[in-house]
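Because the structure is a prediction, the values reported are computed rather than measured.
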Amino acid sequence: MRLEKCWFCSSTVYPGHGIQFVRNDAKIFRFCRSKCHKNFKMKRNPRKVQWTKAYRRLHGKDMTQDSTFEFERKRNRPERYNRIVAENTLKAIKTIDKVRVEREARHHKRRMMGKKSKEQKEAAKEVEQSIHMVRAPAALQQESPRTLPKIKVKVAQPTAEENQPMEE
């Protein structure tokens with residue numbers, strides 16, 4: 001069973017699935033779903049479309065250089081079946097998957113390091129702006145005000161001369 005890669009988004013295309021497009025120069029393009037095929041027909045660049053693997057790798061969202069990716073490459077050379085080699089390969093696949101998962105988790109943790117402090121600052125700012133929704137109004141009145149106290153000033157009453165209408 002041969003598993004192909006989607007030309008646009010780099011996901012796996014299983015046998016009997018997806019669309020295959022053959023150009024006039026006999027270049028074959030395989031697509032996992034119609035979404036990828038339509039984007040290809042619209043001449044969109046996979047490196048500029050945010051949900052593709054190419055975009056994620058280019059912008060540092062996914063790991064790009066790792067020795068575990070070497071095992072995923074397509075090889076056209078047929079191998080002779082050997083039971084011992086097949087058993088060892090299956091064992092190796094499990095350990096390689098484990099290593100890849102650990103490295104991806106480390107990569108993700110490194111990417112998210114600065115995000116936590118940023119989220120905490122944003123949350124503190126939001127709480128400060130809408131403190132009236134969190135605390136009861138009575139508690140806010142008891143709290144010492146952050147502004148200067150209001151001073152009442154007596155204003156002199158206008159005299160009768162000033163209230164007379166103007167003469168023409």
Worksheet entry | His59 (side chain) donor-acceptor with Tyr55 (main chain) under 3.5 angstrom | yes
Fill in: Contacts of Arg23 that satisfy salt bridge (Lys or Arg N to Asp or Glu O under 4.0 Å) - sequence neighbours left out
Asp25
Worksheet item: With sequence neighbours left out, what residues match Glu126 under salt bridge (Lys or Arg N to Asp or Glu O under 4.0 Å)?
Response: none
Worksheet item: Looking at Val49 and Thr52, what are the two nearest heavy atoms and their distance?
Response: O-OG1, 2.8 Å
Quick one: [atom1] on [X] to [atom2] on [Y], what's the gap to the nearest 0.5 Å?
X      : Y      : atom1 : atom2 : value
Arg30  : Lys5   : CZ    : NZ    : 13.0 Å
Phe29  : Phe8   : CZ    : CZ    : 12.0 Å
Lys115 : Lys118 : NZ    : NZ    : 8.5 Å
Lys61  : Arg57  : NZ    : CZ    : 15.0 Å

Item to complete: Apply the test side-chain contact (heavy atoms from CB on, under 4.5 Å) to residues Glu128 and Lys125: give CA-CA distance (whole Å), side-chain angles for both, the deciding distance (0.1 Å), then the verdict.
Response: CA-CA 5 Å; Glu128 188 176 313; Lys125 184 179 179 183; 5.7 Å; no
Item to complete: Return the set of residues passing side chain to side chain donor-acceptor pair (under 3.5 Å) with Arg47 (not counting sequence neighbours), or none when no residue passes.
Response: Asn45
Determine all donor-acceptor pairs shorter than 3.5 Å in which one atom belongs to a side chain in residues 88-99; sequence neighbours excluded.
residue : atom : partner : partner atom : Å
Asn88   : ND2  : Ile84   : O            : 3.4
Thr89   : OG1  : Val85   : O            : 2.6
Thr95   : OG1  : Ala92   : O            : 2.8

Worksheet entry | Mutual orientation of the aromatic rings belonging to His17 and Tyr14 [parallel < 30°, tilted 30-60°, perpendicular > 60°] | perpendicular
Worksheet item: Hydrophobic clusters join Ile, Leu, Val, Met, Phe, Trp and Tyr when side-chain heavy atoms are under 4.5 Å apart, directly or via other members; which others share one with Ile28?
Response: Val22
Worksheet item: Which of these passes side chain to side chain contact (heavy atoms under 4.5 Å, CB included) with Val13: Arg2, Gln20, Glu4?
Response: Glu4
Could you tabulate the donor-acceptor pairs under 3.5 Å formed by side-chain atoms of residues 32-41, not counting sequence neighbours?
residue : atom : partner : partner atom : Å
Asn39   : OD1  : Arg44   : NH1          : 2.6
Asn39   : ND2  : Lys35   : O            : 2.7

Discussion item. I want to check something: taking the side chain as every heavy atom from C-beta on, are Cys6 and Thr12 in contact at a cut-off of under 4.5 Å?
Written reply: no
